[in-house]
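All remarks here apply to the structure that follows.
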Amino acid sequence: MKVDAEDVRYFHVVANAGTLARAGTELGVDHTTVSRRVQRLEHALGMRLFTRTRTGWELNANGESLLPAARTLALGYDVFTDGDPTQIGPEEWTVLTSDGFASTILAPRCGPLLADGRAILRIVSAPSLASRDGVSYDVAVVRSRPSSPSVRSKLLARYEIGLFATEEYLSRHRPIHDLADLENHVIAWYSDDPVAPEYDTLRTKLPTSIRLQSNSLNVHEQAALAGVGLAVMPTYTAGRHNELVRVLPEEMSFHGSYWTVLPAAQLRWQVTDRVMAFLHDAVCDAGLTVPGD
């Protein structure tokens, strides 16, 4: 089997771009050239790497397993073609996670990491591994441990979900003594198809009608802060706001876990170790319970 390194680079670009047109623009060639290069690589390997859809090209299982190696090759290609192999530029770190974890845990704590210019942090917000659609990543942070043999997982931290509202909101509305009293209030929470392990545990305790629905925890938080109603959110998120009060802490509580997930074929272990250290420090600083600490 003879594989052309340039074809591998085209494969890597398509995997990240998602469409031949976008890949062609990035590579400076026509989309037909991109297609021909990828098909030649597939022929040399004797396997399909993508599933062709109406909206683009999505990596299949074969492509997923080869993506880390392609990423390493593409990085080496860039070093040589930039004309100065001693200047490899900043490391690119890609972390796949939910918007709540990204905005509350990672974004406020990435300043020291980025200050010296030696790293570029790409935070890709996605509710699950299934939604990444070909995104190449170093580490994913998810709330349910995956069972797929194509990834490796490790417990990162534990968190708690609770129900919160502002003191001002609670003073203007009927008091809440038990779960039945929630029927009189606006609740900000998930729509009916979330990728969230706490959903099944807490949904039956909430009013039949959820009047403000969003799969973004940021929406829940902002609605509560504005006095729209009560919101179900992580305690580490609510803890940033002194004006938020926890409601029914015994009845409305869910304890969950964050897991780090790595592709089983990961080839960038030195980079991955640094990303993992950054994640560990971030959750510790946020006050989450970290196993072993």
Side-chain angles (χ1 to χ4, degrees), residues 1-97 102 114 117-140 148-151 261-272 275:
M1 176 181 65
K2 186 176 181 180
V3 172
D4 189 314
E6 182 75 350
D7 293 344
V8 176
R9 187 170 74 94
Y10 274 63
F11 158 71
H12 178 259
V13 173
V14 175
N16 285 300
T19 70
L20 296 181
R22 285 198 292 266
T25 299
E26 181 176 338
L27 291 163
V29 299
D30 186 84
H31 73 278
T32 58
T33 300
V34 179
S35 177
R36 185 175 67 255
R37 286 280 196 171
V38 173
Q39 289 179 24
R40 187 168 70 176
L41 176 62
E42 291 179 326
H43 179 74
L45 295 172
M47 65 178 72
R48 283 291 186 96
L49 303 176
F50 293 94
T51 298
R52 281 69 165 172
T53 70
R54 291 187 302 172
T55 58
W57 285 23
E58 298 178 2
L59 285 173
N60 61 21
N62 297 327
E64 289 278 6
S65 65
L66 292 174
L67 188 58
R71 184 179 184 183
T72 300
L73 185 147
L75 177 62
Y77 180 94
D78 291 341
V79 170
F80 280 94
T81 55
D82 283 345
D84 185 358
T86 65
Q87 301 296 322
I88 62 173
E91 294 178 345
E92 293 191 12
W93 298 8
T94 300
V95 179
L96 181 72
T97 188
L114 305 177
R118 291 187 296 177
I120 296 173
L121 178 62
R122 297 177 63 232
I123 301 176
V124 180
S125 180
S128 71
L129 286 174
S131 64
R132 69 192 183 279
D133 290 338
V135 173
S136 175
Y137 65 97
D138 292 294
V139 180
S148 171
S150 65
V151 298
V261 179
L262 290 76
Q266 178 67 273
L267 297 180
R268 286 160 41 96
W269 288 114
Q270 289 185 343
V271 172
T272 299
V275 179

TODO: Working to the nearest 0.5 Å, report the span between CZ of Arg48 and CH2 of Trp57.
DONE: 8.0 Å
- [ ] To the nearest 0.5 angstrom, please state how far the CH2 atom of Trp93 sits from the OG1 atom of Thr272.
- [x] 10.0 Å
Open item on the list: So which atom in Ala102 and which in Ile123 form the shortest heavy-atom distance, rounded to 0.1 Å?
Closed with: CB-CG2, 3.5 Å
TODO: Starting from the C-alpha separation in whole Å, work towards a yes-or-no answer on side-chain contact (heavy atoms from CB on, under 4.5 Å) for Met47 and Asn60.
DONE: CA-CA 10 Å; Met47 65 178 72; Asn60 61 21; over 6 Å; no
Task: Pairwise distance OG1(Thr32) to CD(Gln39) - rounded to 0.5 angstrom - done: 10.5 Å
Open item on the list: Minimum heavy-atom separation for Ala119 and Leu114, please, with both atom names.
Closed with: O-CD2, 3.6 Å
Open item on the list: Quick one, Leu66 and Leu45 - any side-chain contact, counting heavy atoms below 4.5 Å?
Closed with: yes
Task: Minimum heavy-atom distance between Ala23 and Ala17, given as atom pair plus value - done: N-CB, 3.7 Å
TODO: Say whether, by atom type as modelled, one donor and one acceptor occur between the side chain of Glu42 and the main chain of Leu49 under 3.5 angstrom.
DONE: yes
Task: Whether Arg52 side chain and Phe50 backbone form a donor-acceptor pair below 3.5 Å - done: yes
Task: Residue pair Asp4 / Arg37, side-chain heavy-atom distance below 4.5 Å - done: yes
Open item on the list: Tell me whether Ser35 contacts the main-chain N or O of His31 through its side chain, where contact means a donor paired with an acceptor under 3.5 Å.
Closed with: no
Open item on the list: Does any part of the side chain of Arg9, heavy atoms only, come nearer than 4.5 Å to the side chain of Leu27, both counted from C-beta?
Closed with: yes
TODO: Mind listing the closest non-hydrogen atom pair of Leu59 and Phe11 along with its distance?
DONE: CD2-CE1, 3.5 Å
Open item on the list: Would you compute the distance between atom CG of Asp7 and atom NE2 of His43 and round it to the nearest 0.5 angstrom?
Closed with: 11.5 Å
Task: Stepwise side-chain contact (heavy atoms from CB on, under 4.5 Å) check, Tyr10 with Leu41 - done: CA-CA 9 Å; Tyr10 274 63; Leu41 176 62; over 6 Å; no
